[in-house]
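Heads up, the thing below is written out as structure tokens.
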Amino acid sequence: MKFKDKLNIAEVEAKWQKTWSEAKIYKWDNTKSRDEIYSIDTPPPTVSGQLHMGHVFSYTQADFIARFQRMNGKSVFYPIGFDDNGLPTERLVEKVKKIRAKDLSRHEFIKVCEEVVLETEEKFRNVYKSLGLSFDWEQEYQTISSKSRKLSQMSFIDLYNKGKILRKFGPSFWDVKDQTAIAQAENVDKEQKGTLNYIKFKTLDNEDIVIATTRSEMLPACVAIFYHPEDERYKKLRNKKAVIPFFNQHVSILSDHQVDKEKGTGLVMCCTFGDIQDIEWWRKHKLETIECINLYGKMKNAGFLNNLKIKEARDLTIEKLKESQLLVKQDEVVQNVKCAERSGAVLEIIPTNQWYIEVLPYKKQLHEKNDKCNWYPKFMKERLTNWIDGLNQDWCISRQRYFGVPFPVWYSKRKGEEGKILIANVNKLPIDPYIDLPEGYSREEIEPETDIMDTWATSAITPQLSSHGISEDLMLDKDRHNKLFPYDLRPQAHEIIRTWAFGTLVKSLFNQNSIPWKNLMISGWCLASDKSKMSKSKGNVVTPEKLINDQGADVVRYWASSSKLGIDIVYSDQIFKIGKKLINKLWNAGKFVHSHICHINSEITSVKNEIKIGAIFCDLDKWILSSLYQVIENATASFKNYEYCDARVFIENFFWNDFCDNYLELIKTRVYDEADNNPKEKKSGLLTLYYVFNTLLKLFAPYIPHITEELNSILYGEDHQMVNKINMWPKLDGFYFSSSSLNTGIDVLNLLELVRKYKSINELSLRAELSGIYFNGANIPKLALLDLKNASSCKEIHYKESIAEPSLQSNCGKYLIKVV
């Protein structure tokens, strides 16, 4: 095959993407044994709008590992899914279709969601395919599909039967904007300016006390006042009661070590519920519950504040406190406020009926499972450890929304068992409680569960959605499950450790008492060029489609390889330029190699064998092969530790420095020898060129697969006598290493550098011919010296033990040259 005059990278990428797809070369072989399989639990992107640069960044990094494992002989299970239900998708649908869920019937809204999901997922597929991601598209799944609903409901029933799931009434985080409960993991702390109000209370015996609070509107829900037991100021208040201003309820004054003596006045009111601390005191001291905020963020059971929005109620309360001379003073403060991660709304804690997975009693077991997983980078493990330690709520998995996996639950209306929970028969799954009926009950005898599962509750079983099994007793395909589970790898971003990694660990612990994966590979964020987070409001968003179109997939993939695991990557035009330069240099090096190795007409077995039979024998040929051996060794070790960035640096440094800048220059004269004055030496160089460049294509293949496939097909394709497929990672046992050859190469490179430096200082062309050079520092073998002489454009070059008045010496002082 011939080289085209000019590289058309867009044409090359489209060609190979089509070839890979038609040949199904990334198809998982389910006939292989577990030891022959490498399984990846790929993150399903949330169908909530456009893919962003973070997706390109993290998915490409995972693809490096998938390709590396495949090249090492593994049958790689590499699926892709779509997390296409829940709040994020509902909000997308409302935005795209300019509708509101509450304005349609449940059935109508779900139908619209399904239509939008199909359109969005097709856009996602096109982006992934244009990046050259090596997914097995036959393993694609959707979290809302019939099979996913079945497995998700199966997991729910399994945990319910094991006593790990319960429905209870209690304080829950409530998003008044999206009108649903959310889990602790979906809370974010946002700094906001607030006002700390110092309010005068009275005790029952008419003693003034002052309490500081930022939530004056919660006065009608105050159920106790607390002080620290070691606070000498307030020990006299023990066993006394206080009167709440305006609302006149009498509440106990209690001591608790969780009170911060230095905050405010050291006296704090407990309201049901103002914050997490209120919940803890309410539970610990078995306090009364007074609800003063409804699900729409308006006041109730609050006298003159009834039906006011929260801020309106806060302002009115302060106004009345001032009028009654009960407001002592106010301080401006900055406080962390709990907000919903998705909607951004300030969360309220409101008692509601919700479904929970019990996690608080199982922190120890979760830590034990976490300890059995290997984290890359290791420090990311602490994020999950700290999250588990900081849990103060069970996992709320119910949502008061529409588009999601329904709970397989009804409530009985039969006389004598009103409210009894009815669980679906696992053999009938998936079910919709609005349509289906529990066995033995009529429509009039049941009330369907209206809540749906949180999307994380389904995403938490992505390993099982692909393996088709939940527990030992609940399997759709036991053989498949056992071949994949636990998975070899979970690649994911660090910001969803507390949601996705945690949820998957919980489900795997309770469903099967297992870890879900052996290794976790954690990526960072993609930042704008000024190192800020990309956002539409800042106008610094770069879309993947435009970037791939402008730069090419291989250049984008190169950029993704420039950041280490767990470290944020900056959008950098400079990195894209370096990537383009690498691809062009690889192409040009391929042209040079092709022009020479196409003349080789012999069978080739392995580097070791060619050296053994004396076909490769020149010193610098053995040097470049020894250097390449070290690169293979280092790159392989880095890949096994998921350090794709380090591996690429080893490979790229070798390519630019050892191969292009030095080896090609050193052997040019030898391989260009058209008169064949030294045919054996020439063949030694040609064989070495063949092996080195072929190996470089393999080493670069996980990163820039399109250009390496193209070059491989031209240089080593089936129309070439020496077929050597690119889909095999180079093995050390077929290569050659000699420390003495490596040292010879180092000596030659140091002397070549001195010659180049001499010419530069004296403003000579690098091709300028020199009459002669004397050198010391190393007695270089004859054949290596001949290559050095040719590369230096010297008529004569000789070794001397000592050199008087040297022209130049190396930084280390070991090497001297004298130009004569």
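FYI, side chains are in, hydrogens and waters are out, and symmetry mates aren't considered; it's all heavy atoms of this structure.
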Ring pair (Phe, Tyr, Trp, His ring centres under 6.0 Å) filter on Trp137, not counting sequence neighbours, yields Phe135
Who passes ring pair (Phe, Tyr, Trp, His ring centres under 6.0 Å) against Tyr644, sequence neighbours left out? Phe64
Does the pair Asp451/Arg399 count as a salt bridge with the N-to-O cut at 4.0 Å? no
Report yes or no: do Ser155 and Lys507 form a side-chain donor-acceptor pair below 3.5 Å? yes
Which residue pairs pass the salt bridge (Lys or Arg N to Asp or Glu O under 4.0 Å) test when at least one of the two sits in residues 45-67, sequence neighbours left out? Asp63-Arg67, Asp63-Arg557
Among Pro705, Ser21, Ser713, which residue meets the side-chain contact (heavy atoms from CB on, under 4.5 Å) test with Trp16? Ser713
Could you check if a side-chain atom of Phe650 sits within less than 4.5 angstrom of a side-chain atom of Leu699, using non-hydrogen atoms only? no
Pairs where residues 514-525 contributes a residue and the test salt bridge (Lys or Arg N to Asp or Glu O under 4.0 Å) is met, not counting sequence neighbours: Asp488-Lys518
Does anything in residues 138-156 pair up under salt bridge (Lys or Arg N to Asp or Glu O under 4.0 Å), and if so which pairs, sequence neighbours excluded? Lys24-Glu138, Lys27-Glu138, Arg125-Glu140
With under 30° as parallel and over 60° as perpendicular, where do the rings of Trp355 and Phe156 fit, or are they tilted in between? perpendicular
Atom CD of Glu191 with >12 non-hydrogen neighbours under 6.0 angstrom: no
May I ask you to test the Val117-Phe82 pair for a side-chain heavy-atom distance under 4.5 Å? no
Cation-aromatic face contact Arg480/Phe77, 6.0 Å, 45 degrees: no
Across all chains, not counting sequence neighbours, the side-chain contact (heavy atoms from CB on, under 4.5 Å) partners of Leu118 are none
Partner set under side-chain contact (heavy atoms from CB on, under 4.5 Å) for Ala345, not counting sequence neighbours: Asp175, Lys177, Ser343
Qualifying residues under ring pair (Phe, Tyr, Trp, His ring centres under 6.0 Å), relative to Trp375, sequence neighbours excluded: none
Can you name the ring pair (Phe, Tyr, Trp, His ring centres under 6.0 Å) partners of Tyr356, sequence neighbours left out? none
Would His481 and Gln464 count as having a side-chain donor-acceptor pair, cut-off 3.5 Å? no
State, without any angle test, whether Trp28 and Asp136 hold a side-chain donor-acceptor pair at a distance under 3.5 Å. no
Derivation of the salt bridge (Lys or Arg N to Asp or Glu O under 4.0 Å) call for Glu90 and Arg342: CA-CA 11 Å; Glu90 287 194 21; Arg342 294 287 181 186; over 6 Å; no
When the ring centroid of Tyr703 is compared with that of Phe639, is the distance short of 6.0 Å? yes
Run the side-chain contact (heavy atoms from CB on, under 4.5 Å) test against Thr385 and tell me which residues pass, sequence neighbours left out. His367, Asn370, Lys381, Glu382, Asp389
Does any donor atom in the side chain of Ser134 or Trp20 lie under 3.5 Å from an acceptor atom in the other side chain? no
Over all atoms of both residues, closest heavy-atom pair of Pro516 and Thr504: CB-CG2, 3.6 Å
Are Phe576 and Tyr571 close enough, and set up right, to give a ring pair (Phe, Tyr, Trp, His ring centres under 6.0 Å), and what steps lead you there? CA-CA 9 Å; Phe576 294 126; Tyr571 179 88; 5.3 Å; yes
Pair listing, salt bridge (Lys or Arg N to Asp or Glu O under 4.0 Å) test, anchored in residues 544-556, at least two apart: Lys546-Asp550
Got a sec, which residues hit side-chain contact (heavy atoms from CB on, under 4.5 Å) with Lys483, two or more places apart in sequence or on another chain? Ile37, Asp479
